Structures are given as C-alpha cells and as structure tokens.
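Everything on this sheet refers to the single structure shown next.
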Amino acid sequence: MKILRKIKVILCVFIYFNLFSCGYQPLLNKENQNFSIVKFNFEGNKRLGGLFKNNFISVKKDENLLALNVTSSKKTTIADKNQTGKIITYTLALEFDVTATDMSEDIVFSKVYTKTRNYPASDVHIDTLNNEKKLVEDLIEAIANELLIELNSIYQK
C-alpha cells in the first residue's frame, strides 16, 4: 500500500511539472512585439480614435515601423421598448476601419472591425451615459487587442 501511494505521489509530481513547464508566453507583451507604430491618422469620431490609441503598447523598435490609418464610427440605436414606450435597452455599434502601412506606404494590413453590444437604459440618464461609456471602452479595448494579435502574427520572429 505504501509503495502504491508513493508511486501515485511521484506520478502526480511528474504530471504537474510537465503540464506547468510548457514555456507559455503571452502574445501581448513588449518582448514579443516586433513592430512599432510611429504614426496614427484618425478620421471620423476623434474621441474613439483617441481611446483606440491609448490601448497600444508603446514599444520603440527600429524595424517594422508602421503607420495606422483609422476611420471610426459609433452608432447608438434603441433596441427594446416596453409597452408604455419607455426605452429598456440600447444597441451600440462600433466600427473601425484600420489600415496599417509601412514607411514606404505599402499596405501591410487592412481590416474592418465591427463590434455590437446591448446595454441597459437606466432611470437616471447619467447612469445610462456611464453604461455607454464603459461599453465603448470595453469594445475599443477588444478591437485593439485583436489588431495587436494580428500584427504580432504578421511580424513573428
């Protein structure tokens, strides 16, 4: 019985070290980023463009210098009303048309990102505005992360 217990413990330790020493490294860190965004050009909603720019890691590399051309738009519509006509939920749609070019003006990457989510209306108008503001920040962060992952996959070591 004691031998069987020791074998189980050794087997568990062996499995533990094999599973947790896999060499995992996150994609979105400064060491894995092999490009540098040196210029942002924004069209459309300037506030959305500024929030979008704030989500990028500022790594200065001398190779793979990129310029991002971003056209952004936001559309808020009524998603649901109750029987009395009071608004219950809104739908927020964000669209970012992103084109990455290198310094010789060649297009490296181009994609349109669209995210749509619903958010609840509140009895107090400021709460509804805060819900919308938080949702905008979350959606922009998700779009920026998708863009970083795609650019990292283009410029892998």
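Computed from a predicted structure; not experimentally measured.
- Using a 4.5 Å heavy-atom cutoff, the side chains of Ile154 and Val108 are in contact.
- Using a 4.5 Å heavy-atom threshold, the side chains of Glu141 and Glu137 count as separate.
- The minimum heavy-atom distance between Arg47 and Asn45, with the atom names listed, is N-OD1, 3.1 Å.
- The two residues Asn55 and Ala144 come nearest to each other via the heavy atoms CB-CB, 3.5 Å.
- Here the side chains of Asp102 and Leu65 are not in contact, with every heavy-atom distance at 4.5 Å or above.
- Within the structure, the ring pair (Phe, Tyr, Trp, His ring centres under 6.0 Å) test picks out the following pairs touching residues 91-115 (sequence neighbours left out): Phe52-Phe96.
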(message) Show, in sequence, the C-alpha distance, side-chain angles and deciding distance for Val136 and Leu48, and conclude whether the side chain to side chain contact (heavy atoms under 4.5 Å, CB included) test is met.
(response) CA-CA 8 Å; Val136 166; Leu48 293 179; 3.6 Å; yes

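- No side-chain heavy atom of Lys133 sits under 4.5 Å from any side-chain heavy atom of Leu135.
- Scored by the side-chain hydrogen bond (donor to acceptor under 3.5 Å, both in side chains) test, Asn41 finds Asn69 as partners (sequence neighbours excluded).
- Within the structure, every pair that satisfies the ring pair (Phe, Tyr, Trp, His ring centres under 6.0 Å) test and touches residues 118-139, not counting sequence neighbours, is listed here: Tyr90-Tyr119.
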(request) Could you give me the CA-CA distance, side-chain angles and deciding distance for Val70 and Asp97, then say whether side chain to side chain contact (heavy atoms under 4.5 Å, CB included) is met? (result) CA-CA 6 Å; Val70 181; Asp97 184 2; over 6 Å; no

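- Looking only at atom types and distance, the side chain of Asn118 has a donor-acceptor partner in the side chain of Thr91 under 3.5 Å away.
- The residues Asp123 and Lys86 are annotated as salt-bridged, a charged nitrogen and a carboxylate oxygen being separated by less than 4.0 angstrom.
- In terms of heavy atoms, Ser72 sits closest to Gly49 at OG-N, 4.0 Å.
- One hydrophobic cluster holds both Leu92 and Ile87 under the rule that ILVMFWY side chains link at heavy-atom gaps under 4.5 Å.
- With contacts defined as side-chain heavy-atom distances shorter than 4.5 Å, the pair Glu95/Thr114 qualifies.
- With values rounded to the nearest 0.5 angstrom, Ile143 atom CD1 is found 10.0 Å from Lys111 atom NZ.
- One finds the OG1 atom of Thr89 at 9.5 Å from the CD1 atom of Ile78 (value rounded to the nearest 0.5 Å).
- Separation of atoms CG (Leu68) and CD1 (Ile37) is listed at 4.0 Å; rounding is to 0.5 Å.
- Side-chain atoms of Thr128 come within 3.5 Å of backbone atoms of Ser122 as a donor-acceptor pair (strictly under, hydrogens ignored).
- Distance check: Asn131 CG to Ile126 CD1 gives 10.5 Å after rounding to the nearest 0.5 Å.
- At least one side-chain heavy atom of Leu66 sits under 4.5 Å from a side-chain heavy atom of Leu151.
- Around NZ of Lys115, the count of heavy atoms belonging to other residues, nucleotides or ligands within 6.0 Å exceeds 12.
- The NZ atom of Lys39 lies 8.0 Å from the OG1 atom of Thr101; values are rounded to the nearest 0.5 Å.
- Each of Ile88 and Leu129 belongs to its own hydrophobic cluster when Ile, Leu, Val, Met, Phe, Trp and Tyr are linked at side-chain heavy-atom distances under 4.5 angstrom.
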